[in-house]
Structure formats: structure tokens, C-alpha cells
A.B. asks: 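Starting off with a structure, shown below.
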Amino acid sequence: MADDGARRGRSPDRHRSTYRRYSGGPDPLAPPVDLAEALEHIGEDVMAGYSPERAMQEFLRRGGQDRQGLDELARQVARKRQDLLQRHRLDGTLQEVRELLDRAVLEERKQLARDVDMDDADRTFREVQLENLPASTAAAVSELATYDWQSAEARADYERIKDLLGRELLDQRFAGMKQALEGATDEDRAAINEMLGDLNTLLEKHRLGEDTSADFDEFMDKHGDFFPENPQNIDELLDALAQRSAAAQRMLNSMTPEQREELMALSAQAFGSPELMDSLGRLDSNLQALRPGEDWGSSEEFGGEQGIGLGDGTGVFQDLAELDALSDQLSQSYDGARMDDVDLDALARQLGDDAAVSARTLQELERALRDSGYLKRTSDGQLRLSPKAMRQLGKALLRDVANRLSGRQGQRDLRTAGAAGERSGATREWAFGDTEPWDVPRTVINAALRRASGRQPVVEEVAQRPSRNPRLFEMEDIEVQETEARTQAAVALLVDTSFSMAMDGRWVPMKRTALALHQLISTRFRGDHLQLIGFGRYAEVMEIEQLTALDAMWAKGTNLHHALLLANRHFRKHPNAQPVLLVVTDGEPTSHLEPDGEVYFSYPPHPLTIAYSVKELDNAGRLGAQTTFFRLGEDPGLARFVDSMARRVDGRVVAPELDDLGAAVVDSYLGSRGGRGSGSSYAEEFGGWFGGDRGFWVG
């Protein structure tokens with residue numbers, strides 16, 4: 001448009017900008033990567049027994065909801081590699097030479113038939129010579145090297161064979177040379193020979209350690225046009241040449257013995273002189289000596305119908321090598337693997353820009369996970385989920401619990417817990433359904449800051465509004481005061497960690513439940529005291545990080561007696577708090593603690609084990625514990641046992657589906673901490689907000 005303006009007599013804008021597609025790094029306008037989805041999946045895998053390092057790798061392999069993962073990218077790489085092998089065959093140059101030869105011979109025969117002035121004996125001799133050419137293309141081309149062509153078209157086709165061979169052989173070592181030398185003159189060929197001679201001299205000096213940077217600079221000043229890669233030093237030059245030369249050697253290795261023999265015999269005819277092959281052979285020898293680590297010995301099997309020439313075929317072998325390297329990078333299966341190892345430029349070349357964008361997003365995601373504090377490295381070098389990660393994961397699980405309890409959009413979530421209590425001093429953004437009082441100073445400040453950041457000032461906005469009731473605040477400005485419940489609770493969550501929990505798929509739901517309850521209490525009921533107790537063959541008080549990282553325990557035993565002992569000790573430490581006992585189990589107690597502290601195990605359950613468990617449950621009842629059993633599974637014996645235990649302490653039994661376990665435990669906690677018969681329990685208050693009966697109460 002600016003050029004059109006100049007032609008019409010308008011002076012062009014000196015500050016005109018040119019717009020084009022952005023390249024060369026991450027999109028500066030792209031939104032930051034969202035860690036919430038990644039953290040949720042990583043947390044799930046950690047709770048299933050994976051290490052955080054492996055869990056992160058598994059997420060990167062699967063990808064997210066809107067991005068390809070490493071496995072999908074690796075599948076695309078494998079498909080591209082297979083397609084190259086199944087599409088091509090390696091005799092393209094031999095086939096092209098054969099076609100030129102057949103055309104030259106045909107044109108020569110036509111000329112002999114038309115030339116009535118030719119001596120009959122000479123014509124007959126020539127026809128016999130053409131008729132009895134060897135079946136081998138290379139041998140036929142060699143035999144015709146001294147033939148006196150009568151047809152100009154035939155002579156031109158034969159000369160094209162020598163020219164084609166020379167350009168193809170050069171194209172194997174220097175990409176693009178086949179096209180660049182089409183129609184080349186003798187002077188062009190002489191320049192090629194001079195460049196090869198100087199290059200070999202430079203490489204041989206480098207092998208002996210006698211070269212200098214001045215030698216390289218002098219060579220590039222003289223022959224730089226032959227190297228569009230623009231290497232900056234001799235090592236970059238060597239790398240580019242060796243990769244191409246090694247690919248050419250792998251192509252030769254992949255041909256049949258007959259094809260190799262034909263090609264080697266034909267190569268002597270390149271440019272009509274063996275000098276080119278001598279120079280290229282010398283070059284290959286220097287490169288193999290200087291870069292022995294390149295793959296000079298492998299081969300591939302091709303089974304396609306599309307013949308490719310020597311230069312294009314060498315490019316295919318370079319593509320195969322690049323695809324193999326990408327496959328290794330995407331596998332991330334080697335020690336110290338990082339997403340930063342993935343060559344994004346190579347990925348874009350092979351699979352396109354979309355694949356490179358996906359890989360770059362995964363790189364940023366991995367970097368963000370490592371740098372954001374969600375993963376921390378312990379003293380033994382292992383990665384662990386940090387407390388920050390545990391809080392973020394707990395928020396996600398608590399949000400899921402809220403959705404299950406509410407049953408529909410627009411109702412309150414668990415952030416409103418404790419709304420009817422004392423102010424905590426903290427504030428938060430208003431959400432639909434909140435009843436807490438506004439924090440007026442924070443709300444006014446938010447409105448002022450929002451307008452100062454770009455919108456017109458409040459006074460000016462009011463002056464311009466025709467309405468009598470100007471809107472000074474937006475919904476985003478409003479903050480409310482957080483409150484905490486006045487009643488404290490001492491909560492003991494007892495979770496079964498016996499082998500049956502892992503065997504029957506209840507391991508992860510159990511951990512999700514513990515983490516959701518921990519998040520709720522630590523953020524909304526900070527005055528409550530939560531203790532997590534895992535009980536298998538014996539019981540143990542656990543921190544939330546320890547429980548979520550706990551591997552499946554295959555030792556037999558369900559020691560409810562020991563767990564209740566620890567729970568009652570917790571209740572006695574907080575005599576002024578309401579005791580809340582929550583027990584998640586899928587089996588009857590099969591072990592107990594003996595007076596000497598040893599564990600006794602028996603299956604079927606020994607009467608003494610049952611008696612010890614009942615005794616400690618009665619002690620919890622005398623302490624005033626509000627008790628709920630969460631029965632997992634349909635075992636009739638477990639159902640009878642749990643029902644009878646609940647009746648002893650006027651407790652409840654809940655038989656939730658696994659997906660509803662977290663919601664059931666949280667709901668029971670909210671109801672229990674209000675107290676039975678109080679007239680206005682938290683269960684009633686939150687039940688209305690979260691959706692009423694879910695149909696799984698059985699006792």
C-alpha cells in the first residue's frame with residue numbers, strides 16, 4: 001500500500017512497518033502455559049504410585065486436552081519414516097541414465113536409416129554395434145564412449161548422461177548442486193574441480209593439525225558460493241559435509257550389489273573424466289577420518305515404486321537420520337532426558353510447524369513445572385511434589401468435590417465454608433452466591449486501580465454518563481471478607497491401606513479423598529485439627545505428602561484397632577474441639593496390637609481382634625466423636641460389621657461409589673462438625689447449596 005501511495009505522489013511513511021509471519025522462538029503473544037491440567041494428571045499418577053519424575057514424563061507423553069503429546073509426535077515421526085521407505089526405490093539415476101541411453105540409440109538408428117548417402121558397409125557396422133550393446137547400462141555407456149554419433153540428438157542425449165552423472169555425484173556431497181550445474185560450461189566444471197582440490201587440501205591440513213583460521217577464511221572467500229549453509233568455522237563445515245557424505249555412503253550400502261556395481265562403473269563417465277571421482281573419493285576419505293562417529297556403515301530397505309536420484313536419495317537418507325534422532329529425543333528414555341533436547345527446527349522440517357508448536361509448548365510446560373516450585377528435588381536427588389503443588393492439586397480435587405455436591409452450575413462451592421463465623425482477616429474475590437460482607441476499602445481500591453490502568457477516571461466517567469445511577473464498580477472489583485467457623489473440630493481421617501485397597505482399584509480414590517479434605521480444612525477451617533492415619537498391618541500417622549506418595553502396601557492385615565488408638569490420642573490432645581471420626585475401609589479388621597506392641601494377624605478375623613477394635617471405638621464414642629464409616633465394596637461380612645460398629649456409637653454408614661468417595665467424606669465432615677441435634681448443622685446449611693440427597697446413604 002505504501003508503494004502505491006508513492007506512485008500516486010504521496011510521500012511514503014518513513015516509519016512504515018513491515019508485517020510478516022513470526023518465526024525464531026516462542027510466540028510472544030501466546031498465553032502462558034496452563035499448569036493446572038498438568039498438575040492434576042501428575043498428582044493422579046503420583047497417588048497411583050508413580051514418582052513425580054515419571055508422572056511428569058507420562059503427562060508429557062500423553063499430552064493435554066488441546067495439545068499433542070510426545071507419543072503422538074513419535075508416531076508421526078515413525079509414519080513419516082515408514083512412508084519414505086515404502087514410497088521410494090534407489091535406482092532413479094540408473095533408470096534415468098538407461099532412458100537417455102535408449103533414446104540416444106533410437107535416435108541414432110533413425111539417423112542411420114535416413115542417411116541414404118552413407119556407405120552400406122559403414123551403416124551395417126554401426127547397426128551391428130548398436131544391436132549388440134551389452135545389457136549392462138554401465139558397460140553400454142562405456143562402449144559408446146568412442147562411438148562417432150551421426151545424429152546430433154543422439155550425441156546430445158549421450159552427453160547428457162555424462163553431465164547427469166557428474167551433477168548427481170556432486171549433489172550427493174553438496175545439496176542443490178544438480179540444479180545449480182544444469183547447463184554448466186567447461187569453466188563451471190573447472191571451478192568445481194578447483195574447489196574440490198582446495199577443499200581436500202584444507203581438510204588434509206586439518207587432519208595434520210597444520211591449518212589455521214586464516215586458511216578457512218581464505219577458502220570461504222574463494223569458494224563460499226558453493227556452501228549456502230555459511231559455516232563459520234572449519235568444524236561447522238566438516239559437520240555439514242560429513243553428514244551429507246555419510247548419508248551418500250548409507251545410500252550406496254542400501255543398493256543391491258548389481259546396482260552398486262553399475263553405479264561405480266558409470267561414475268567414471270561423470271563429466272567425461274575420472275578426475276571428478278578421484279576428487280570425491282579423496283573427499284570421502286578425509287571426511288571419514290575426521291568424523292568417524294558419523295554413521296558410515298548402516299543400510300535401509302526400500303520397497304517403493306518412485307525412483308530417486310543420487311542427490312535426492314542422499315537427502316532422503318539425511319531425513320531418515322534426522323527422523324531417527326527425533327525419535328530418540330521424543331522417547332525421552334535416556335538418562336538426563338529433557339524436553340529441551342528436542343530439535344524444534346528439525347521437527348518443523350519433518351512434521352510441519354504445528355508439530356513444532358506442540359513440542360515447544362511441552363518444553364515450556366516442563367520448564368514451568370521445574371522452575372515454578374511445583375516439583376522440588378530432595379537431598380537424595382529425587383523429585384517430589386512440593387507443598388505448593390499439593391495445595392494446587394488439593395484445590396482441583398476440592399473443586400471436583402464441590403461440583404459433585406452441587407450437581408449444577410451457579411451454586412456455591414466450598415469456598416463459602418465457614419461463612420457464618422468469625423472474620424479471618426483475609427479477603428477474596430466475590431463469587432456468585434457469596435453472603436459474606438464486602439470489604440469496602442479493597443473494593444474501592446480495585447475499582448480505582450482498574451480505571452488507572454487504562455480506562456477513564458471515575459469522575460470523568462461519571463460526568464459522561466447520562467444515567468442518574470452511574471456504575472462505579474464492576475463485578476471484578478468486589479472483594480468479600482473471609483470468615484471462619486466459630487466451632488473447632490479435631491478430625492481423624494482413618495484410611496485403609498491394606499493390599500485389597502490397591503488390588504481393587506481403591507488406592508487413588510482414597511488418596512484423592514484425603515487430599516481434598518486436607519485442602520478444605522487447611523484453607524477454610526484453619527482452626528480445626530486434622531490427623532491422617534493410614535492403617536494396614538499396623539497404623540501410622542501420616543503427613544499429606546507422605547500419604548499421597550505412599551506406594552501400594554502388599555502386607556496382609558487391616559489394623560483398625562491401632563488406627564482407633566491413634567485417633568483417640570489425637571482427640572485427647574484437643575479436649576476443647578469437637579471430635580470427628582471418619583473411617584474409610586474395604587475390609588473387616590484382621591490384625592490388632594498386643595499389649596507388648598507386637599502386631600497379631602488372623603484371617604478370618606479373630607474374636608479378640610474384633611473385641612479390641614470395638615473397645616477403642618467405644619472409647620471414641622465416650623470422647624463424643626461424631627463417627628462415619630465409609631464402606632467400600634459389597635462384602636456382606638464387612639457390611640454387617642460396619643453396621644454394628646456404627647450403631648454402637650450412634651454413627652452413620654455411607655456406601656459411596658468410588659468417584660463419590662471424596663464428596664461423601666467432605667459432606668460428612670461438614671455435617672459432623674456442627675454437632676447432632678444442634679438445630680442448624682453444617683450438613684443442612686451446605687446440603688442446600690450442594691444439591692441435596694445423592695442416593696448413597698444406607699445407614
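Here, residue 1 is the first one in the sequence, and each next residue gets the next number. What you see below is based on every heavy atom in this structure, not just the backbone, and it leaves out hydrogens, waters and symmetry mates. Nothing here was measured: the structure is a model prediction, and the numbers come from that model.
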A.B. asks: Please state whether the rings of H562 and Y538 are parallel, tilted or perpendicular, taking 30° and 60° as the class boundaries.
C.D. replies: tilted
A.B. asks: For a quick test of reading the model, state the closest non-hydrogen atom pair linking F601 to S591 and the distance between them.
C.D. replies: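 In terms of heavy atoms, the two residues are closest at CA-CB, 4.1 Å.
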A.B. asks: Counting distance only, does the side-chain N/O of D477 pair as donor-acceptor with the main-chain N or O of E474 below 3.5 Å?
C.D. replies: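 A pair under 3.5 Å: yes.
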A.B. asks: For A625 and L581, work out which heavy atoms get closest and say how close.
C.D. replies: CB-CB, 4.3 Å
A.B. asks: What I want to find out is whether E72 reaches R75 closely enough, with some N-O distance under 4.0 Å, to be called a salt bridge.
C.D. replies: yes
A.B. asks: When you compare the side chains of N446 and E479, does any donor N or O come within less than 3.5 Å of an acceptor on the partner?
C.D. replies: yes
A.B. asks: Fit a plane to each ring of H606 and Y600, take the angle between them on a 0 to 90° scale, and name the class: parallel (under 30°), tilted (30 to 60°) or perpendicular (over 60°).
C.D. replies: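 H606 and Y600: perpendicular rings.
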A.B. asks: Using distance alone, with no hydrogens and no angle criterion, decide if N568 and E616 have a side-chain donor and acceptor under 3.5 Å apart.
C.D. replies: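 The answer is yes; a qualifying pair exists.
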A.B. asks: Would the distance check show the side chain of R631 and the main-chain N or O of G633 forming a donor-acceptor pair, the cut-off being under 3.5 Å?
C.D. replies: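 Confirmed, R631 side chain pairs with G633 backbone.
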A.B. asks: Taking the side chain as everything from C-beta on, heavy atoms only, tell me whether E366 gets closer than 4.5 Å to M56.
C.D. replies: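 Yes. Closest side-chain heavy atoms under 4.5 Å.
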A.B. asks: Which heavy atom in L70 sits nearest to a heavy atom in M339, and how many Å separate them?
C.D. replies: CD2-SD, 3.5 Å
A.B. asks: Using 4.0 Å as the upper bound for N to carboxylate O, is an ion pair formed by R62 and D71?
C.D. replies: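 No, no charged N to carboxylate O under 4.0 Å.
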A.B. asks: Looking at D341 and Q329, would you say the former's side chain and the latter's main chain have a donor-acceptor pair under 3.5 Å?
C.D. replies: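 Checked: no pair found.
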A.B. asks: How close do V665 and F630 get, heavy atom to heavy atom, and via which atoms?
C.D. replies: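 Looking at all heavy atoms of both residues, the closest pair is CA-CZ, 3.5 Å.
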A.B. asks: Between the side chains of T627 and R652, does any donor sit under 3.5 Å from an acceptor?
C.D. replies: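 Side chains of T627 and R652: no pair found under 3.5 Å.
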A.B. asks: Could you verify whether a donor N or O on one side chain and an acceptor N or O on the other, from S500 and D586, lie under 3.5 Å apart?
C.D. replies: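 Side-chain D/A pair, S500 to D586: present.
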A.B. asks: Check the angle between the aromatic planes of H561 and H592 and answer parallel, tilted or perpendicular using the 30° and 60° thresholds.
C.D. replies: perpendicular
A.B. asks: Would you name the heavy atoms of L623 and P579 that are closest together and state the gap between them?
C.D. replies: O-CG, 3.4 Å
A.B. asks: Tell me if the CD atom of E634 is crowded by more than 12 foreign heavy atoms within 6.0 Å.
C.D. replies: no
A.B. asks: Determine the minimum heavy-atom distance between H529 and H570, stating which atoms define it.
C.D. replies: O-NE2, 3.1 Å
